[in-house]
*Asks:* 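To start, I am sharing the structure in question, which I have written as structure tokens.
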Amino acid sequence: MALQIIVGAQWGDEGKGRIVDWFAAQADYVARYNGGDNAGHTVTVGGQIYKLHLIPSGIIHPETIAVLGNGMVINPKTLLGEMEMLRSVGIEISPKRLRISAFAHLITPAHRALDSAFERARGSASLGTTGRGIGPAYTDRAARRGLRLGDLLAPDFSARLERHLDEANRTLAFLGAPTLEPGAILSEYLSYAQVLKDYITDVSLELNLALQSGKSVLAEGAQGTLLDIDFGTYPYVTSSHTIAAGALTGLGLGLHAVASACTLGVVKAFQTRVGAGPFPTEIGGELAERLRGSGANPWDEYGTTTGRPRRVGWLDGVLLRYAACINGFHEIAVTKLDILTGIHPIRLCVAYEEDNRRLENLPLGPLNLERYRPIYEDLPGWDEPVSHCRRWTDLPPAARNYVERIATLCGVPVRFVSVGAEREQMVICEARE
Ligand code: GDP
Ligand code: IMO
Ligand code: MG
């Protein structure tokens, strides 16, 4: 397959890193197309847990080339830390294996300070951002005053960084937040330029040529469809295009790539959200604690980036249908099915109700979700552990029934079911056809 795009179907943390790692075994390139270190993608191989914020999850396979696309906003400090972390566990990080788009935007300490200051200024209406400077960095991009990775190499970089810090300091002072001392930041960023210069390149050219010569490119989405800047639950979203189409603009791929593209949606078997915003199927109480976990397991529902407990609820089939449509999913991977073992019944939101009217689809997309009440279908649960299952027929009938119902609800086949965090804990579903 030439181009495969892997996209989160919900509010992020669906297990994209784990699914990307599975497919990366066959990919020549694995490329992130959006977001920055607000993302936290976890891959577990033989008990070794890799938490990746910027470098694509495919890096763990020694033959793949990892790409950071122009659609990203990159904090060089996080990036260098991640490069070192990977080296320390024996993964080769060199210009042979890692490319960074010259067009990706830089995140500076000023962006992080502004993110926190804006959140504080919003008071009770805060968005619950990750505080990583994502919104302010994309704001500078749109305002055409941003600094890009390629600018690190320009002779006037210091002057431009200084201007950026001056402007940011004026805004920080206006918001009553502490201002930043430019001196240390300037020398820090000049030292990053020295390390990163050999990795910065024209990513779009390389990927388009690779696709034309029959190589395979796996595009790794960050966040999820419902956090997309336009198509998510605005304003409770991130600041980039998380959806599949974002892979084209976020990597500079020509449209010829679309003809052979396969878009895979990653769907957690229940719903989670971290940060503020509407969540029609959210639940509380004991069952919520059960789904979230205590934090004792690495896969329990606490943010990979911020450690915040994730809000949890039942799978929302209305929003999933919407995600399938907006991304054009060809297939789905369901993750964390193992967590539902022992839960009776399993509730699945199949439609919404508004003023005694049943809605299968959303007239205005995920806008003003607060006014809807979810309509649930109760499905029988199962008690058998499923983490050892590898074939479709290994799964208990009630688990198969639940997965089948997800597929019919959104009209997309489920090809993979993840039953554990480890690389091998995957059910391949071809057998059921
Ligand atoms: P991402 O942001 O979409 O890559 O997802 P995260 O890595 O933030 O969160 C998913 C968490 O669930 C990670 O800790 C994964 O290791 C874990 N995980 C992924 N798939 C499964 C699964 O099928 N079962 C269990 N128990 N854990 C999983
Ligand atoms: P991965 O790639 C879950 C959420 C934040 C907040 C909103 C805006 O691991 O799935 P931002 O810092 O981006 O301005 O925050 O988006 N958010 C995520 N939630 N997973 C993520 O990434 C997220 N990245 C951002 O919690 O609600
Ligand atoms: Mg995550």
Side-chain angles (χ1 to χ4, degrees), residues 6-22 32-45 48-54 56-57 72-73 107 111-112 114-116 118-119 126-139 220-229 232-240 242 265-270 272-279 291 293 295 297-308 310-311 333-341 385-387 389 416-427:
I6 295 190
V7 184
Q10 295 151 317
W11 280 294
D13 301 325
E14 298 89 350
K16 297 174 294 294
R18 181 259 184 285
I19 298 294
V20 167
D21 169 69
W22 173 268
R32 272 273 307 268
Y33 61 83
N34 75 297
D37 59 350
N38 50 348
H41 296 181
T42 317
V43 178
T44 310
V45 187
Q48 170 82 49
I49 299 176
Y50 304 88
K51 291 185 180 199
L52 298 160
H53 301 286
L54 288 168
S57 307
M72 293 185 71
V73 284
I107 290 188
H111 290 131
R112 288 175 71 120
L114 286 167
D115 197 355
S116 304
F118 285 132
E119 278 287 83
S126 74
L127 305 176
T129 73
T130 58
R132 296 299 188 269
I134 305 298
Y138 280 116
T139 300
E220 172 176 351
Q223 291 82 53
T225 303
L226 302 172
L227 289 171
D228 183 274
I229 179 78
T233 46
Y234 192 90
Y236 298 98
V237 294
T238 190
S239 302
S240 66
T242 61
V266 185
V267 180
K268 196 182 287 189
F270 49 100
T272 63
R273 168 161 215 168
V274 54
F279 186 166
L291 288 174
N297 302 304
W299 54 81
D300 287 346
E301 297 293 349
Y302 296 83
T304 313
T305 298
T306 57
R308 291 179 289 178
R310 295 176 186 147
R311 299 157 66 194
V334 172
T335 59
K336 299 193 89 166
L337 191 72
D338 50 304
I339 303 299
L340 295 185
T341 286
V386 295
S387 289
C389 297
F416 303 87
V417 178
S418 172
V419 290
E422 271 287 344
R423 185 181 270 172
E424 288 73 31
Q425 290 181 308
M426 187 82 98
V427 172

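Every number for a ligand or one of its atoms is a count from 1 in the order of the listing. Everything numeric in this text was worked out from a predicted model, so none of it was measured.
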*Asks:* Out of all atoms in ligand 2, which are within 4.0 Å of some heavy atom of Asp13? Include the element for each.
*Replies:* 1 (P), 3 (C), 9 (O), 10 (O), 20 (N)

*Asks:* Would the distance check show the side chain of Gln10 and the main-chain N or O of Lys268 forming a donor-acceptor pair, the cut-off being under 3.5 Å?
*Replies:* yes

*Asks:* Between Lys268 and ligand 1, find which residue part has any heavy-atom pair under 4.0 Å and reply side chain, backbone, both or neither.
*Replies:* neither

*Asks:* Please say whether more than 12 non-hydrogen atoms of neighbouring residues, nucleotides or ligands are located less than 6.0 Å from OH in Tyr302.
*Replies:* yes

*Asks:* Asn34 and Ser240: side-chain donor and acceptor closer than 3.5 Å?
*Replies:* yes

*Asks:* Checking a contact table here: which protein heavy atom is nearest atom 27 (N) of ligand 1, and how many Å away?
*Replies:* Trp299 CB, 3.4 Å

*Asks:* Quick one: does any side-chain atom of Thr225 pair with a main-chain N or O of Gly8 as donor and acceptor, under 3.5 Å?
*Replies:* yes

*Asks:* Can you list the ligand 1 atoms lying under 4.0 Å from a non-hydrogen atom of Ser418?
*Replies:* 20 (N), 21 (C), 22 (C), 23 (O)

*Asks:* For ligand 1, which atoms have a heavy atom of Gly17 less than 4.0 angstrom away?
*Replies:* 4 (O)

*Asks:* Could you state the interatomic distance from CG (Leu52) to OG (Ser57), rounded to the nearest 0.5 Å?
*Replies:* 5.0 Å

*Asks:* Just to check, does Gly8 reach to within less than 4.0 Å of ligand 1 when the distance is taken from its heavy atoms?
*Replies:* no

*Asks:* Is there a polar contact between ligand 1 and Leu337, counting only N or O atoms under 3.5 Å apart?
*Replies:* no

*Asks:* What's the shortest distance from atom 6 (P) of ligand 1 to any protein heavy atom, and which residue and atom give it?
*Replies:* Gly40 O, 3.5 Å

*Asks:* Ignoring hydrogens and geometry, is there a side-chain-to-backbone donor-acceptor pair from Glu14 to Gly12 under 3.5 Å?
*Replies:* yes

*Asks:* Can an N or O of Gly12 be found at a distance shorter than 3.5 Å from an N or O of ligand 1?
*Replies:* no

*Asks:* When you look for heavy atoms under 4.0 Å from ligand 1, do you find them on the side chain of Arg18, its backbone, both, or neither?
*Replies:* side chain

*Asks:* Using the rule given for side-chain contact (heavy atoms from CB on, under 4.5 Å), can you reason through Asp37 versus Ile134, listing the C-alpha separation, both sets of side-chain angles and the distance that settles it, and then say yes or no?
*Replies:* CA-CA 8 Å; Asp37 59 350; Ile134 305 298; 4.2 Å; yes

*Asks:* Yes or no: does Gly40 have any heavy atom under 4.0 Å from an atom of ligand 2?
*Replies:* yes

*Asks:* Give the numbers and elements of all ligand 1 atoms closer than 4.0 Å to a heavy atom of Arg310.
*Replies:* 8 (O), 9 (O)

*Asks:* I would like to know whether Asp228 and Val237 meet side-chain contact (heavy atoms from CB on, under 4.5 Å); could you show each step before the answer?
*Replies:* CA-CA 6 Å; Asp228 183 274; Val237 294; over 6 Å; no

*Asks:* As a quick check of understanding, evaluate ring-ring contact (aromatic ring centres under 6.0 Å, His included) for Tyr236 and Trp11, giving each step before the final call.
*Replies:* CA-CA 10 Å; Tyr236 298 98; Trp11 280 294; over 10 Å; no

*Asks:* Taking Asn38 as the fixed residue, which of Gln223, Arg132, His53 is the one that meets the side chain to side chain donor-acceptor pair (under 3.5 Å) rule?
*Replies:* Gln223

*Asks:* If hydrogens are left out, which of Thr242, Thr130, Ile229 has an atom nearest to atom 12 (O) of ligand 2, that is, the closest non-hydrogen atom?
*Replies:* Thr130

*Asks:* Would you mind listing which atoms of ligand 2 come within a distance below 4.0 Å of any non-hydrogen atom of Ala222?
*Replies:* 2 (O)

*Asks:* For Gly275, counting its heavy atoms only, list the atoms of ligand 2 lying under 4.0 Å from any of them.
*Replies:* 27 (O)

*Asks:* Quick check on Arg310 - does any of its heavy atoms sit under 4.0 Å from an atom of ligand 2?
*Replies:* no

*Asks:* Pair Phe416, Val266 - check side-chain contact (heavy atoms from CB on, under 4.5 Å), show working.
*Replies:* CA-CA 9 Å; Phe416 303 87; Val266 185; over 6 Å; no

*Asks:* Tell me whether the Mg ion (ligand 3) has Gly40 as a neighbour, meaning an N, O or S atom of it below 2.8 Å.
*Replies:* yes

*Asks:* Provide, to 0.1 Å, the distance between atom 21 (C) of ligand 2 and the closest protein heavy atom, together with that atom's residue and name.
*Replies:* Gln223 CG, 4.0 Å

*Asks:* List ligand 2 atoms under 4.0 Å from Trp11, heavy atoms only on the residue side.
*Replies:* 3 (C), 19 (N)

*Asks:* Should Asn38 be counted as touching ligand 2, given the test is an N or O pair under 3.5 Å?
*Replies:* yes

*Asks:* Using distance alone, determine whether Lys16 and ligand 2 share an N or O pair under 3.5 Å.
*Replies:* yes

*Asks:* Any nitrogen or oxygen of Arg132 lying under 3.5 Å from a nitrogen or oxygen in ligand 2? Just yes or no.
*Replies:* no

*Asks:* Have a look at Asn34, Leu52, Thr238, Asp37 and point out the one with the heavy atom closest to atom 11 (P) of ligand 2.
*Replies:* Thr238

*Asks:* Could you see which bit of Val419 sits under 4.0 Å from ligand 1, with heavy atoms only: side chain, backbone, both or neither?
*Replies:* backbone

*Asks:* Can you list the atoms of ligand 2 that are under 4.0 Å from a heavy atom of Ala39?
*Replies:* 1 (P), 2 (O), 9 (O), 22 (O)

*Asks:* Just need the protein heavy atom nearest to atom 25 (C) of ligand 1, so name the residue and atom and give the distance.
*Replies:* Asp338 OD2, 3.5 Å

*Asks:* I'd like to know if Glu301 pairs up with Lys336 as an ion pair, taking the criterion as any Lys NZ or Arg NE/NH1/NH2 lying under 4.0 Å from an Asp or Glu carboxylate oxygen.
*Replies:* yes

*Asks:* What atoms of ligand 1 come within less than 4.0 Å of a heavy atom belonging to Pro298?
*Replies:* 14 (O)

*Asks:* Examine the proximity of ligand 1 to Ser387 and report which part, side chain or backbone, both or neither, has a heavy atom under 4.0 Å away.
*Replies:* neither

*Asks:* Give the numbers and elements of all ligand 2 atoms closer than 4.0 Å to a heavy atom of Val237.
*Replies:* 7 (C), 8 (C)

*Asks:* Give the residue, atom name and distance (to 0.1 Å) of the protein heavy atom nearest atom 16 (O) of ligand 1.
*Replies:* Ala421 CB, 3.5 Å

*Asks:* Report, in ascending order of atom number, the atoms of ligand 1 lying under 4.0 Å from any heavy atom of His41.
*Replies:* 1 (P), 2 (O), 4 (O), 7 (O)

*Asks:* Can you tell me which residue and heavy atom of the protein come closest to atom 27 (O) of ligand 2, and the distance to 0.1 Å?
*Replies:* Val274 O, 3.1 Å

*Asks:* Report the atom name of the nearest N/O/S atom of Asp13 relative to the Mg ion (ligand 3).
*Replies:* OD1

*Asks:* Between Val267 and Thr335, is a side-chain contact (heavy atoms from CB on, under 4.5 Å) present by the stated rule, with each step listed?
*Replies:* CA-CA 6 Å; Val267 180; Thr335 59; over 6 Å; no

*Asks:* Report the part of Asp13 (side chain from C-beta onward, or backbone N, CA, C, O) that has a heavy atom under 4.0 Å from ligand 1; answer both or neither where that applies.
*Replies:* both

*Asks:* In terms of residue, atom name and distance, what is the protein heavy atom nearest to atom 18 (C) of ligand 2?
*Replies:* Leu227 CD1, 3.7 Å

*Asks:* Report yes or no: does a heavy atom of Asp115 sit under 4.0 Å from some atom of ligand 2?
*Replies:* no

*Asks:* Do any heavy atoms of Gly128 fall under 4.0 Å from ligand 2?
*Replies:* yes

*Asks:* Is there a donor-acceptor contact under 3.5 Å linking the side chains of Ser418 and Arg18?
*Replies:* yes

*Asks:* Measuring from His41:NE2 to Glu220:CD, what's the distance to the nearest 0.5 Å?
*Replies:* 5.5 Å

*Asks:* Which atoms of ligand 2 are found less than 4.0 Å from any heavy atom of His41?
*Replies:* 1 (P), 2 (O), 9 (O)

*Asks:* Would you say Thr129 has any N or O atom under 3.5 Å from an N or O of ligand 2, going by distance alone?
*Replies:* no

*Asks:* I'd like to check whether Ser239 has a polar contact with ligand 2, where a contact means an N/O of the residue lying under 3.5 Å from an N/O of the ligand.
*Replies:* no

*Asks:* Starting from atom 15 (C) of ligand 1, what is the nearest protein heavy atom, named by residue and atom, and what distance separates them?
*Replies:* Thr42 CB, 4.0 Å

*Asks:* Using a strict 4.0 Å cut-off to heavy atoms of Leu127, name the atoms of ligand 2 that fall inside it.
*Replies:* 27 (O)

